Asker: 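One structure, as structure tokens, below. Some questions next.
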Amino acid sequence: MNENFSIIWGTRQLKSSQVSLYVSSAVKQLRGLGVKAHDRIALCDDNSVEYVIFLLALWQLKAVAVPISPRWPDKTISSYVSKVSARHLFRSTELKRTVCFDARHQYEASSLGELDLNQEVSIVATSGSSGEAKAAVHTWGNHFYSAQGSQEIIPLTSADRWLLSLPLYHVSGLAITVRCLLAGAGLVIATDDDLVSSIQRGKVTHVSLVGAQLQRLLADEKNYQLLRSLKYILLGGSAIPRALLEESVKLGVNIFISYGLTEMSSQVATGKVVEGGQASVKVLPFRQVCIQPPLSSFPRKRESIEGEILVKGEVLFKGYVAGTKLHLPTVLSSPNASVGDLWFPTGDMGHLDNGFLTVTGRRDSMFISGGENIHPEEIEKALLNIKGIAEVIVVPREDKEFGQRPIAFIKFTDGVLTEEEMVRLLQLELPHFKIPAAFFPWPQNLMSQGIKISRQDFLKTLPRR
């Protein structure tokens with residue numbers, strides 16, 4: 001842990017030496033509960049200063065943190081805890097009880113500087129195409145090199161503060177924490193849902209957002225100066241409206257967009273948004289990317305498909321875990337590749353040009369309509385370019401004539417566009433077979449479902465035909 005690292009929440013601040021003392025206290029408490037090296041310990045809570053200290057204490061003990069969303073149903077939590085063979089589950093009350101803020105307790109400060117790069121430190125849930133959570137194992141080296149690569153394009157110093165605006169049960173939240181740890185920056189923990197007050201009170205310089213969060217901030221002109229004062233805004237998550245990026249750049253906001261995945265410990269490629277809402281997203285250090293060549297060149301069937309993004313590098317996770325078994329899916333990048341030249345297939349489609357990556361969609365979201373390949377992401381991008389549309393999800397619906405047809409769920413920024421208006425504007429960009437056959441309002445019960453939106457959830461909202 002860098003000696004300048006600090007944790008800020010509300011009006012309080014813990015400097016590095018104080019953090020070390022509280023980590024030591026938590027370590028003693030955990031040892032008293034029987035926690036030891038290599039144990040998998042589940043944490044189920046929202047972000048808090050106690051959560052961060054608990055996490056650091058587990059790493060100091062060489063235990064493995066298993067962060068879990070507190071929004072999961074109890075049955076899902078129990079099943080996942082069993083799946084990863086976690087020895088203990090700490091919910092909010094137990095977690096906070098373990099971290100003691102009593103000044104009467106005196107402990108010798110400990111340091112996180114001796115962590116082994118090969119040490120397993122986290123197991124993060126990531127959803128597959130089936131919707132069932134997979135458990136991705138990361139080492140300290142994965143998180144370390146992720147932070148080092150991010151530093152190349154988004155510098156972070158001891159004079160800076162990064163808002164922990166994303167949950168610690170997502171790899172993005174862990175990535176923010178490790179960046180601050182290594183750079184000696186301030187980690188600002190939001191104490192409420194008000195982003196504006198968290199940024200102002202915490203004197204934040206860096207913030208990670210998803211498109212919907214930025215959209216809400218830009219909806220109020222009072223926030224413009226605050227957004228311009230930030231050194232870096234890193235945008236990730238699902239598709240981001242080009243109009244939103246254009247507006248941000250015109251206002252002088254310093255926006256970077258990123259492509260990443262849990263299996264690569266957060267960011268893979270990042271780029272600055274420039275005039276016109278465009279960005280050249282460059283592959284970061286400690287990551288390697290290639291595109292799967294035509295499968296016809298392979299002597300046998302492959303587990304990836306032509307045009308799929310393949311990745312590897314120091315940030316690549318150790319594998320998916322189930323009980324004591326660990327599985328890392330890999331493929332060869334070409335028929336002439338050596339046996340050891342293995343890559344992880346991301347499930348994303350795209351193309352690479354001189355180190356700059358363009359992502360075009362998901363392989364598991366593509367469907368066929370009347371013999372034509374449909375990538376929902378292409379339709380979503382076209383819809384997001386229409387002024388007044390905030391969020392879009394396109395899914396296939398069964399059709400007697402064409403097999404499947406695209407339909408769209410729309411969330412508007414204000415007002416409502418008619419179906420005729422949307423079709424007319426889409427016809428300027430898309431062929432007729434990619435125009436959605438129907439448009440539906442965004443389901444109210446899916447308004448706040450986390451960073452990534454599941455297409456499966458939208459399919460379930462469709463009435464039976």
Side-chain angles (χ1 to χ4, degrees), residues 73 75-76 126-134 211-212 237-241 261 292 295 301-309 345-350 359-386 388-412 416-465:
K75 184 178 180 181
T76 304
T126 181
S127 59
S129 57
S130 65
E132 181 182 353
K134 297 180 181 179
S238 55
I240 301 165
L261 57 153
Q292 178 70 72
L295 294 189
K301 184 179 178 181
R302 307 306 304 165
E303 293 180 3
S304 61
I305 63 175
E306 180 180 349
E308 183 172 4
I309 299 170
T346 63
D348 295 312
M349 310 299 291
V359 182
T360 56
R362 287 284 304 172
R363 62 173 286 186
D364 53 21
S365 64
M366 189 193 82
F367 60 93
I368 298 174
S369 177
E372 300 284 355
N373 290 342
I374 304 288
H375 288 281
E377 294 85 358
E378 181 185 6
I379 304 171
E380 289 164 359
K381 183 177 179 182
L383 279 164
L384 286 169
N385 288 337
I386 298 174
I389 294 179
E391 291 189 65
V392 179
I393 282 290
V394 173
V395 295
R397 184 172 69 179
E398 297 302 319
D399 185 273
K400 290 182 180 179
E401 182 179 359
F402 297 99
Q404 290 180 313
R405 292 284 288 126
I407 61 169
F409 290 87
I410 309 287
K411 184 196 290 186
F412 297 99
V416 177
L417 294 168
T418 66
E419 184 170 323
E420 290 74 20
E421 287 176 306
M422 290 186 284
V423 168
R424 179 178 59 81
L425 292 169
L426 287 175
Q427 287 173 338
L428 300 175
E429 292 193 49
L430 299 173
H432 68 90
F433 60 86
K434 292 183 180 179
I435 306 293
F439 297 85
F440 295 91
W442 196 275
Q444 289 294 320
N445 63 325
L446 296 178
M447 285 297 183
S448 301
Q449 296 293 314
I451 292 176
K452 291 188 178 180
I453 298 172
S454 167
R455 296 182 193 277
Q456 299 287 333
D457 291 338
F458 284 83
L459 286 169
K460 292 173 185 175
T461 69
L462 288 175
R464 292 182 178 273
R465 299 178 68 189

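Since the model is a prediction, treat every value here as computed from it, not as a measurement. Sequential numbering from 1 along the given sequence is applied to the chain's residues. Just so it is clear, the values below take in all heavy atoms, side chains as well, and ignore hydrogens, waters and symmetry mates.
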Asker: Does some side-chain heavy atom of I374 sit less than 4.5 Å from a side-chain heavy atom of F433?
Answerer: yes
Asker: Going by heavy atoms in the side chains, are I389 and M422 under 4.5 Å from each other?
Answerer: yes
Asker: Please report the interatomic distance CD(E377) to CD1(I393), rounded to the nearest 0.5 Å.
Answerer: 8.5 Å
Asker: For the residue pair P441 and F412, establish whether any side-chain heavy-atom pair is separated by less than 4.5 Å.
Answerer: no
Asker: Could you tell me if the side chain of L383 sits less than 4.5 Å from the side chain of F439, heavy atoms only?
Answerer: yes
Asker: Rounded to the nearest 0.5 Å, what separation is found between the CZ atom of F440 and the CZ atom of F409?
Answerer: 6.0 Å
Asker: Working to the nearest 0.5 angstrom, can you tell me the gap between L425 CG and L417 CG?
Answerer: 7.5 Å
Asker: When rounded to the nearest 0.5 angstrom, what is the spacing between OG1 in T346 and CD in E308?
Answerer: 5.0 Å
Asker: Which pair of heavy atoms, one from A382 and one from L430, lies closest together, and at what distance?
Answerer: CB-CD1, 3.9 Å
Asker: Look up atom OG in S369 and atom CZ in R397, then write down how far apart they are to the nearest 0.5 Å.
Answerer: 11.5 Å
Asker: Which pair of heavy atoms, one from P406 and one from V394, lies closest together, and at what distance?
Answerer: CB-CG1, 3.9 Å
Asker: Show your working on side chain to side chain contact (heavy atoms under 4.5 Å, CB included) between Q404 and I368 and close with a plain yes or no.
Answerer: CA-CA 7 Å; Q404 290 180 313; I368 298 174; 5.6 Å; no
Asker: For E398 versus G403, what's the shortest heavy-atom pair and its separation?
Answerer: OE1-O, 3.3 Å
Asker: Are any non-hydrogen side-chain atoms of P345 and Q292 less than 4.5 angstrom apart?
Answerer: no
Asker: I want to check something: taking the side chain as every heavy atom from C-beta on, are P436 and I379 in contact at a cut-off of under 4.5 Å?
Answerer: yes
Asker: Picking from Q427, E429, E378, H375, what satisfies side chain to side chain donor-acceptor pair (under 3.5 Å) with K434?
Answerer: E378
